[in-house]
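The structure appears right after this line, and notes come after that.
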Amino acid sequence: MTKKSILVARAIFPEVLEMLSQHFQVESNQSDEVWSADVLKQKMQGKVGALTTGSERIDAALLQANPQLKIVANMAVGYNNFDIAAMTSAGVLATNAPDVLTETTADFGFALLMATARRITESEHYLRKGLWTKWSYDMFTGAEVHGSMLGIIGMGRIGQGIAKRAAHGFGMRVIYHNRSRLSADLESACKATYVAKEELLRTADHVMLVVPYSAESHHTIGAKELSCMKPTATLVNIARGGIVDDAALALALKNKQIAAAGLDVFEGEPALNPALLTVPNVVLTPHIASATIQTRMAMAKLAADNLIEFLTKGKALTPLNQVTGN
Ligand code: GLV
């Protein structure tokens, strides 16, 4: 029997390609070229399944040009690169990669918070430039993390992981804002108190963003929100570019309206708002919150398992939509 054809749109662990090759005819992209929308549309020709990362957009134009497509498996928990409504009406199953990255991403959120509040990269740059000539009592004094108030916007699995680290490990008071309030049991496991967004911005010493990107969450933090925050506060975005208005943030950092920010994601990434590169009080990382070997492997395997399970047995592990007729 001829094997079904699938596309792996970006470079991936060779073990995972091997795993897929046992079931499918695989076209891969091990040179990791970033394809334009037109090239991606072209490469999808004849494929019934595809493994994508958060960088490949699956939209109506691609779906129209590829009526044979049955499933796209995202190697990411976020899926704002998918037009889910268009996929559902085209009968294409969408899957993401939840759970396997929760703890690793929560670790990174905490690392970025620590690096930002305690000015780790800023002070390292100073040292590397050969500017360190003496110890001074106020050199790179930052903000306390332990015992301070953490405000989390977006309290899904990763937000809850951060809350637990903060409350149990660092004795922080945790407040959160979310579309829906957690159950009393989850609130008590996270030691987190639900508050309105305005109260969170006004009272938190550190604000962490872990909310999925959507039209509704676009610019959750803009000039108005930044103006409500404490001048000593830090802001950490490990969610998605576009949750923060990066131009407004760069200005707020320049004017010391807030103390510092830690950003793993950016509007229009991998391009950055150039103003962010001109302010010292920001820690910048290239979208690496889930980047440990084990976690990236687990994400890739989950995406591959979704393709295998769906295309060989008709049932995916982590579906995002319901489709019929496959
Ligand atoms: C990473 O950003 C993801 O959504 O998995």
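Whatever order the structure lists ligands and atoms in, that order sets their numbers, starting from 1. The figures that follow rest on heavy atoms only: side chains count, while hydrogens, waters and symmetry mates do not. Quick caveat, the model's predicted, so the values are computed rather than measured.
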- Item | Contact check: A76 vs ligand 1, nitrogen or oxygen atoms, below 3.5 angstrom |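 The answer is no, given that A76 and ligand 1 share no N or O pair closer than 3.5 Å.
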Practice prompt. Using distance alone, decide if ligand 1 has a nitrogen or oxygen within less than 3.5 Å of any nitrogen or oxygen in S290.
Written response: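 By distance alone, the answer is no.
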When rounded to the nearest 0.5 angstrom, what distance separates [atom1] in [X] from [atom2] in [Y]?
X	Y	atom1	atom2	answer
I258	N281	CD1	CG	8.0 Å
R119	T234	CZ	OG1	12.5 Å
F82	T88	CZ	OG1	11.0 Å
L277	L284	CG	CG	6.5 Å

message = I want to check something: taking the side chain as every heavy atom from C-beta on, are F13 and K301 in contact at a cut-off of under 4.5 Å?
response =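 Contact flag for F13/K301 side chains = no.
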Item to complete: Quick one: look at H287 and ligand 1, take heavy-atom pairs under 4.0 Å, and tell me if it's side chain, backbone, both or neither.
Response: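 Side chain only.
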Check your understanding: Where does L101 meet ligand 1, judged by heavy-atom distances below 4.0 Å: at the side chain, the backbone, both, or neither?
Key ->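 The part of L101 near ligand 1 is the side chain, not the backbone.
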For atom 4 (O) of ligand 1, tell me which residue out of R240, M299, R296 has the closest non-hydrogen atom.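 Selected option, by shortest heavy-atom distance: R240.
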Practice task
Among all protein heavy atoms, pick the one closest to atom 5 (O) of ligand 1 and tell me residue, atom and distance.
Solution key: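 Atom 5 (O) of ligand 1 sits closest to the protein heavy atom V77 N, 2.8 Å.
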